Amino acid sequence: MADNFKTIKCPACQKEMHKIFIPSEGINIDICLDGCGGIYFDNREFKYFDEQDENIDEIIKAIEGKEFIKVDESLPRTCPVCGARMVKNFASIKKEVQIDECYSCGGKFLDHDELTKIRKQYATEEDRSADTMAYLYDTVGVKLKALDAERERLAQSRSWLKRFFDHLVGMDSKI
Ligand SMILES: [Zn+2]
Ligand SMILES: [Zn+2]
């Protein structure tokens with residue numbers, strides 16, 4: 001994983017972002033302190049901050065009491081580190097908060113307030129995994145059931161066709 005060291009421009013409002021050092025993880029994250037309050041996480045950094053039991057004191061300290069400009073969160077964004085077009089994805093299977101992700105370098109951009117919203121969803125990494133597993137089980141389970149029904153339907157029409165052909169052959173032999 002590469003923590004980027006150069007100053008990057010906010011993908012939402014184009015202001016220069018500030019590097020905030022997180023001692024517990026030994027990494028820097030980029031926050032748009034002079035603009036929209038958005039936060040950029042390099043590849044894999046985000047997982048250290050997305051649940052309630054993880055410490056974000058440094059981030060809170062940095063943004064506390066500041067006024068941030070409003071940005072249109074629906075606009076497409078370009079990754080400030082590698083220049084690729086970012087993709088909007090839901091932060092979790094709860095589908096409540098959409099964040100911008102860079103599939104090229106793995107960076108993630110969160111608009112102001114999104115971090116707090118995302119952290120409210122799960123207390124711990126275990127809760128998140130359990131919820132994801134339950135969701136997968138539900139969707140995959142439903143799909144498997146549909147497949148079974150389809151297989152059953154095919155088997156039935158096949159046996160109907162077979163009877164039909166047997167019938168034809170029977171007719172044929174009678175001629
Ligand atoms: Zn910004
Ligand atoms: Zn990127």
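Heavy atoms only: backbone and side chains are in, while hydrogens, waters and symmetry mates are out. Counting starts at 1 for both ligands and their atoms, in listed order. Predicted, not measured: the structure shown is a model, and the values here were computed from it.
For Glu16 and Lys9, the salt-bridge test fails: no basic side-chain N is under 4.0 Å from an acidic carboxylate O.
Considering Lys117, Lys88, Arg77 as possible partners of Asp111, the one that fulfils the salt bridge (charged side-chain N to carboxylate O under 4.0 Å, His left out) test is Arg77.
Checked by atom type, the side-chain pair Asp100/Tyr40 shows no donor-acceptor distance below 3.5 Å.
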Q) Can Ile39 and Phe49 be said to form a side-chain contact (heavy atoms from CB on, under 4.5 Å), step by step? A) CA-CA 11 Å; Ile39 309 174; Phe49 306 100; over 6 Å; no

Q. Given the rule in the side-chain contact (heavy atoms from CB on, under 4.5 Å) test, do Ile63 and His112 qualify, once you have shown the distances and angles that lead to the verdict?
A. CA-CA 9 Å; Ile63 60 175; His112 181 56; 4.1 Å; yes

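Each protein N, O or S atom less than 2.8 Å from the Zn ion (ligand 1) was counted, giving 4.
Expressed to the nearest 10°, the angle at the Zn ion (ligand 2) joining SG in Cys105 with SG in Cys82 is 120°.
Remark: Glu126 engages Thr124 in a side chain to side chain contact (heavy atoms under 4.5 Å, CB included) (not counting sequence neighbours).
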